[in-house]
Protein chains: 2
Amino acid sequence: MEKCDVCGAQCLHKLCMHKVPIFSSLSQDDLTHIASIIRHKKYQKGETLFSEGNRPDALVIVNEGSVKAFKITSDGREQILYVFSEGDFFGERNLFGRQVSAYTVEALEPVKTCSFTKESFHELLHAYPEIAIKIIEELEERISRMESALQSMGVRSIDNRISALLLDFAEKYGTSVPDGTLIHLPLSREGMANYLGVARETVSRKLGLLENEGIIRSNGNKSILLLDRSMLEASAGKSADF
Amino acid sequence: MEKCDVCGAQCLHKLCMHKVPIFSSLSQDDLTHIASIIRHKKYQKGETLFSEGNRPDALVIVNEGSVKAFKITSDGREQILYVFSEGDFFGERNLFGRQVSAYTVEALEPVKTCSFTKESFHELLHAYPEIAIKIIEELEERISRMESALQSMGVRSIDNRISALLLDFAEKYGTSVPDGTLIHLPLSREGMANYLGVARETVSRKLGLLENEGIIRSNGNKSILLLDRSMLEASAGKSADF
DNA sequence: CGAGCGATTGACGTATATCAAAGAGAGTGG
DNA sequence: CCACTCTCTTTGATATACGTCAATCGCTCG
C-alpha cells in the first residue's frame, strides 16, 4: 500500500474516502472533517465481518484486501453474491431501514476496512444531501450488475458463465504482462463454483478445457494467465454479460 | 378499478402516487401539486413500453395491469428480470445517470401508467429531498429481492425455484378462497420458463408433479389453486427465498 | 364448430452433479 | 533441507435431471 506523501499517517483516514465515488463531490475540507469520524478495523483471512441475520449498524468500505458476501442456501450450499474489494462498500442496507443483514461477509485475505456508524452517516447525509444522489447512482450500478448476473444465470451454458467470470476478474484483478493478462484470483476453485452455482469439479474441468484450447494458462491455484481475450469473449457470448 | 369517492376524475392523478411508497412522506397538498405534472398512458397487451438500449427519460409507475421486463440473452432466449404490477415503478435508472435502459418492458395485459419526465422529477427531488431517501430504501428492497433470486438461481434444484415462484405469485396475485389460495398468473407457462431460465416443457412437467401430489390444482392456463401452502414451502426449501 | 396457439406428454441425448480416488501445493516439524 | 500431512484440485466413472425434438391434446376465440 502506497503512502500518501502529503499528510503522513493521518492520511490513512482519507484514503478510503478517495476510493469511493460516494464522496467524489466533496471538497478536501469536507473530506478532512469526515475522516475524523471514520473507524478502522483489520481482519484476517477467514474472519467474519458480520453474519446473515445480524443487525450491523455501519457502512463498511474495503480499504485493502477483498471479502466475499454469501448466503447459505436451503440445501446447505454457500451461494456467493458479491466479491467486494478495494473501494467497494457494503452494509448500506442497514443504514436506513430496520433490515437485518441479508448475507454473511467473510475476509478472503487480510483485510483493512473503514466504517461509519449509522449515526455519523446520518449526520453526513444531512450535511451533504448530494451524497444521497451518489448513493442512488451507486445502487443503480449495482442493480445493473445484478441484472446482468441474473441474466447470465438464466443462460443454460456453464461455459458462458465461467468465461464471463474470468473476464470480470481480468478487469478487476488483472495486470498486463507480455503474454496477456495475469489474473490474481480472489476466489479458489471452490469459491468460483459457489459464485456460479455449479460443482467444484465442473469449474476444474471447464478451466482445463480452456487451457487445452490455449485460451488461458493456469498458474497454480492463485492466478491464471489470460492469453486470448477475444476467444474468451466469444466463449462468453458476444454480448457483454456480467 | 375502484373510483375515488372524494375527488372524482381528477383523482386518477393521485391514485398512482398513493400506491408508491416513494411519496408516502408527503402531505396531501404536496401530492396535489405533484399530480399536476404526471403524464398518463395506456398500453395494450403485448405493447412495448420501451426497449433495451433506448434512452427513455421518465419514471414510470404502473397504475393498473402488469408488465414484464426482460433482456435477450446471447443465445436468443428471453430472460425475464421483473414482473411489475400495480404500484411498482421502473425507469428510474435513466433519471440520474446517462445510462440507457438495460431491458425491454412489455405489457402482459392492458396497462395504465403514470409517468414523470426526467425534468419534472428533478424538480421534485429538489423540492422534496426526503424522496431521495425513500428511493434508496426502495432500491435496497429491490436489491434484496434480486439477491434472493440470485441465490435461488444458484440452487441446483428446479423444483425449489418453481415452488418459490408460486409462493411469490401467491403473495402478489393470490386471493383467499375456501379451498386455499387462488393465484391469477401474470405469466404464461412460457413466461414462467423465461423467468426461471428453464424450458417451457420443464415447467409443465413440474407443475404436473405438484398437481399429482395434491399441492396445487391447475385451473386452465391462467390460474392455479394453491391447496397446500406448507407443502409448497417445504418444497421451496424451508428458508424463504424469493 | 373449426382454426390456431399454447400446453402437455413422450422419447431420447447430453451436460453436469455426484461419488471416488489420485495428484499437487503449501505449510509444518523433524 | 527434506519428508509428511493437510487441504485444495484434478481426473475418471457413473447416474440423472433437464433440454430438445416431435406429436398430441385442449383451450379460446372467432
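In what follows, chains are A, B, ... by sequence order, proteins preceding strands, each numbered from 1. Hydrogens, waters and symmetry mates play no part in the numbers below; they use all other heavy atoms, side chains included.
Listed by first and then second residue, the ring-ring contact (aromatic ring centres under 6.0 Å, His included) pairs that reach into residues 42-72 of chain A are A/Phe50-A/Phe90, sequence neighbours excluded.
Rounded to whole Å, atom P of D/dC8 lies 14 Å from atom CE of A/Met192. Between A/Arg77 atom CZ and C/dT18 atom P there is a gap of 8 Å when expressed in whole angstrom units. Taking atom CD1 of residue B/Ile158 and atom P of nucleotide D/dA17, one finds them 12 Å apart after rounding to whole Å. Rounded to whole angstrom, the span from the CE atom of B/Met153 across to the C1' atom of D/dC18 amounts to 15 Å. Computed from coordinates, the A/Glu109 CD to C/dA26 C1' distance equals 17 Å when rounded to whole Å. Atom CG of B/Asp159 and atom C1' of D/dT16 are 13 Å apart (whole Å).
Applying the side chain to side chain contact (heavy atoms under 4.5 Å, CB included) test to B/Asn221 and every residue at least two apart in sequence or in another chain returns B/Arg189. With sequence neighbours left out, the side chain to side chain contact (heavy atoms under 4.5 Å, CB included) criterion links A/Glu109 to A/Ser66. Evaluation of the side chain to side chain contact (heavy atoms under 4.5 Å, CB included) rule for A/Leu232 yields A/Ser163, A/Leu166, A/Leu167, A/Leu210, A/Ile215, A/Leu226 as partners, not counting sequence neighbours. Under the rule for a ring-ring contact (aromatic ring centres under 6.0 Å, His included), the partners of A/Tyr103 that lie at least two apart in sequence or sit in another chain are A/Tyr82. Taking the ring-ring contact (aromatic ring centres under 6.0 Å, His included) definition, one finds that B/Phe116 meets it with B/Phe23, sequence neighbours left out. With sequence neighbours left out, the ring-ring contact (aromatic ring centres under 6.0 Å, His included) criterion links A/Tyr173 to A/Phe169. Taking A/Asp57 as the reference, nothing meets the side chain to side chain donor-acceptor pair (under 3.5 Å) condition, with sequence neighbours excluded. When the side chain to side chain donor-acceptor pair (under 3.5 Å) test is applied to B/Arg229, the partners found at least two apart in sequence or on another chain are B/Thr181.
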Review point. In the 5'-to-3' direction, what one-character label does each nucleotide of nucleotides 23-30 of chain D receive under the scheme B = base within less than 4.0 Å of a protein heavy atom, S = sugar-phosphate only, - = no such atom?
Key: --------
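The backbone N or O of A/Thr104 sits nowhere less than 3.5 Å from a side-chain atom of A/Ser51 that would complete a donor-acceptor pair.
The salt bridge (Lys or Arg N to Asp or Glu O under 4.0 Å) test with B/Glu78 singles out one residue from B/Lys71, B/Lys68, B/Arg200, and that residue is B/Lys68.
DNA chain D is contacted by B/Glu201, B/Thr202, B/Arg205, B/Lys206 of residues 200-211 of chain B, taking any non-hydrogen atom closer than 4.0 Å.
Two residues, B/Leu187 and A/Ser157, neighbour DNA chain C, and the one matched to the more 5' nucleotide by heavy-atom proximity is B/Leu187.
Over its full length, the helix from C/dC1-D/dG30 to C/dG30-D/dC1 turns its helical axis through 40°, comparing axes from the five pairs at each end and rounding to 10°.
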